Structures are given as structure tokens and as C-alpha cells.
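Input: a single structure, listed below in C-alpha cells.
Atoms considered below: every heavy atom in the structure, side chains included; atoms not considered: hydrogens, waters and symmetry mates. Just so you know, these numbers come straight off a predicted model, no measurement behind them.
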2 protein chains.
Amino acid sequence: MVTKKQSRPDIFRADCLSRDTLQLIADEWTPLVVYALEEGAMRFSQILKRIDGISTKMLTQTLRAMERNGLVQRVVHAVVPPIVEYSLTPLGQTLVKPVNMLQMWAYEHLQEVARARMAYDQSDHPPIQEETATRVQQR
Amino acid sequence: MVTKKQSRPDIFRADCLSRDTLQLIADEWTPLVVYALEEGAMRFSQILKRIDGISTKMLTQTLRAMERNGLVQRVVHAVVPPIVEYSLTPLGQTLVKPVNMLQMWAYEHLQEVARARMAYDQSDHPPIQEETATRVQQR
DNA sequence: CGGAATCCGTCCTGATACTG
DNA sequence: CAGTATCAGGACGGATTCCG
């Protein structure tokens, strides 16, 4: 758990597996799904309602990817109408803590970020196009 | 720093600022730039060389966004040829630890993920399209 | 209910070329 | 050196429709 050098192979290389793995969770929805499932197993429609703004398509994609990567388990109950439950695997559980750290960081520094943005936008810095500034903000 | 409920407002809501802030770092390059700059101030071209696979465009975009969000400081030395140095702000420094946790997670569970993928791909699960499986993998 | 499939616009991305 | 400008492609994401 220490920050010893060996824990960090060459993440700067494009073919670094570590980098590739890191990329798994560096997207818009995965962290939120981790959060949602942290509360226990959920059905598709429950997650859909829990995470405001996600479409069925994105949720399906995200869940599939997470399942493939071993983060999520998908259990189908053979009843009509079908019931499908998703839950975190043990591997997925290990993600909870790190992702939580991120979330806490976001919460704690939210105001500083907002202030920095305002300051930046008011000065005459090279203006940033909306897109690049906030990323995927157009819902 | 504790995981008390109040530290987590409704991140599931689309208009949650916390969620918005979280999104800042949930992209392909920002974590890598944080890593690179953790080692100290760097010039544009140095970062470019350090982070394998990033284009000047993406690096510029990422740095601009990070600057706007108060994570990175940009210092221009008025000489010819120009020298521009980037470094983490105090706010940016606070990101180092959480991002490090993610990186460690990635490194520690890299094999489990790889195994899960293989298992998934070999069974007859609904095959995942390349794109959704690994995301932005086509370099 | 839990998706899969399709359609389709938007945005992002990587080259390439150019500038102060 | 440190970018910006431009452009073309492809990916991404939403909405809708259909199915077991």
C-alpha cells in the first residue's frame, strides 16, 4: 500500500497494462455505477433510476464492460417478467475505496474548482471552447 | 475525511456539482498529466515525450482544462525560443493521492482484470463490441 | 422487464500544416 | 519551442423501436 517506486511501472508507456486498466474506470459512468452497486445488488431499472441522466444504452454498455472486466456480476432470474440483478464482485468491491477517495476529493474541492474557473474565465486567457473545458457536458 | 453520509450529497443527480467535479479527472489523460507533473514542473515538450501516445492537441486541451480548473499553473518565460512551464498548483497537488490510489488499484488488480476478460470472451456471453468493451482503445 | 438493434447527429480525435 | 488552425474520420451518445 506504500508508494514505493515498484508499484509504478511505466504507466507513461502506451502499452502499459496498468494504464490500460486505469482507463477502465476513467469514464463518465463507471464510478457512478460502482457507487450505486455499493449499496447492494440492484436491478437494471433500479440503477437506471438511481443514476440520473444515464440512458439505457449507456447503462447497458457500462454494465457489460464492467462485467467483462470482472467488476460486476450479472444474475438472471428465470421468471416472467425477467429479473436481472447486478452486484459488485469481490474485485469490484476493491474499487469502492479508491473511487470513494475521488468522490471525496471532488466534494471537498468543488468550491476551489468553481472559483478557479471563474477567475480563469474572467481574465483574458486564451478562451477555452466549452467542450474541452468541461468535457461531455452537453446532456 | 470519514465516509459519513454528509460527505456524499446526491452524486446521482445530474446537476450535482460533486459529480461534475468528479468528471474533471475521469478522462484518459488528466491522471497521466497529474503523474507527470508530480515529478516537478515540466515544459510542454517534456510532457509530450513523457506521456506516450498523446498528441499535441490533446495535451494542449488537457492542460488548458486543468489550468482552468485550477489544477495546473502555466508559466511563460519571455525568451526566444519560448519556454512554458507547467506545474501542479496546491489544489492540483491534492489530487496526487487519490489518483495514486487509482493507479495502485490498477496495478494490483491488472491480472484479475485480464483473467476476467479472457473468461468472459471465451464463454458465449453476448459478445461485446470492441468499442464498448475497452473504450477509446483504438489508437 | 431488460435489454438489442437501428438510426443519426454531434463531438472528439489524430494528422498535418502553419505561426510567433 | 509551444502552440493554433484546419480538416476528415470515426466514435460516442441519445432516441426510438422491437423482442423474449
Distance in angstrom units between [X] [atom1] and [N] [atom2], rounded:
| X | N | atom1 | atom2 | answer |
| --- | --- | --- | --- | --- |
| A/I54 | C/dG3 | CD1 | C1' | 14 Å |
| A/H77 | D/dG20 | NE2 | C1' | 18 Å |
| A/M58 | D/dA15 | CE | P | 12 Å |
| B/R74 | D/dG3 | CZ | C1' | 8 Å |
| B/E85 | D/dA2 | CD | P | 9 Å |
| B/R43 | D/dG3 | CZ | P | 10 Å |
| A/Q61 | D/dG13 | CD | P | 7 Å |
| B/E28 | D/dA11 | CD | P | 14 Å |

Who passes side chain to side chain contact (heavy atoms under 4.5 Å, CB included) against [X], sequence neighbours left out?
| X | value |
| --- | --- |
| B/A119 | none |
| B/V75 | B/Q73, B/H77 |
| A/K49 | none |

Listed once per pair and sorted, the ring pair (Phe, Tyr, Trp, His ring centres under 6.0 Å) pairs that draw on residues 87-106 of chain A, sequence neighbours left out: A/W105-A/H109
Common cluster, B/I83/B/L37, ILVMFWY with side-chain heavy-atom separation under 4.5 Å: no
Whole-angstrom distance between C/dT13 and D/dG14, as gauged at atom P: 16 Å
Just compare [options] and give me whichever is closest to any side-chain atom of [X].
| X | options | value |
| --- | --- | --- |
| A/Y86 | C/dT6, C/dA4, C/dG2 | C/dG2 |
| B/F44 | C/dG14, D/dA15, D/dG3 | D/dG3 |
| A/K57 | C/dG14, C/dT6, D/dC1 | C/dT6 |

Pair pattern of DNA chain C in dot-bracket, where unpaired bases get dots and | marks partners in another strand, Watson-Crick or G-U under 3.5 angstrom: |||||||||||.||||||||
Whichever of B/T56 and A/T60 has its nearest DNA chain C nucleotide further upstream toward 5': A/T60
Separation of B/D52 CG from A/R19 CZ (nearest 0.5 Å): 6.0 Å
Which residues share a side-chain hydrogen bond (donor to acceptor under 3.5 Å, both in side chains) with A/R50, sequence neighbours left out: A/E39
Residue met sooner reading DNA chain D from 5', once A/S55 and B/Q46 are mapped to nucleotides: B/Q46
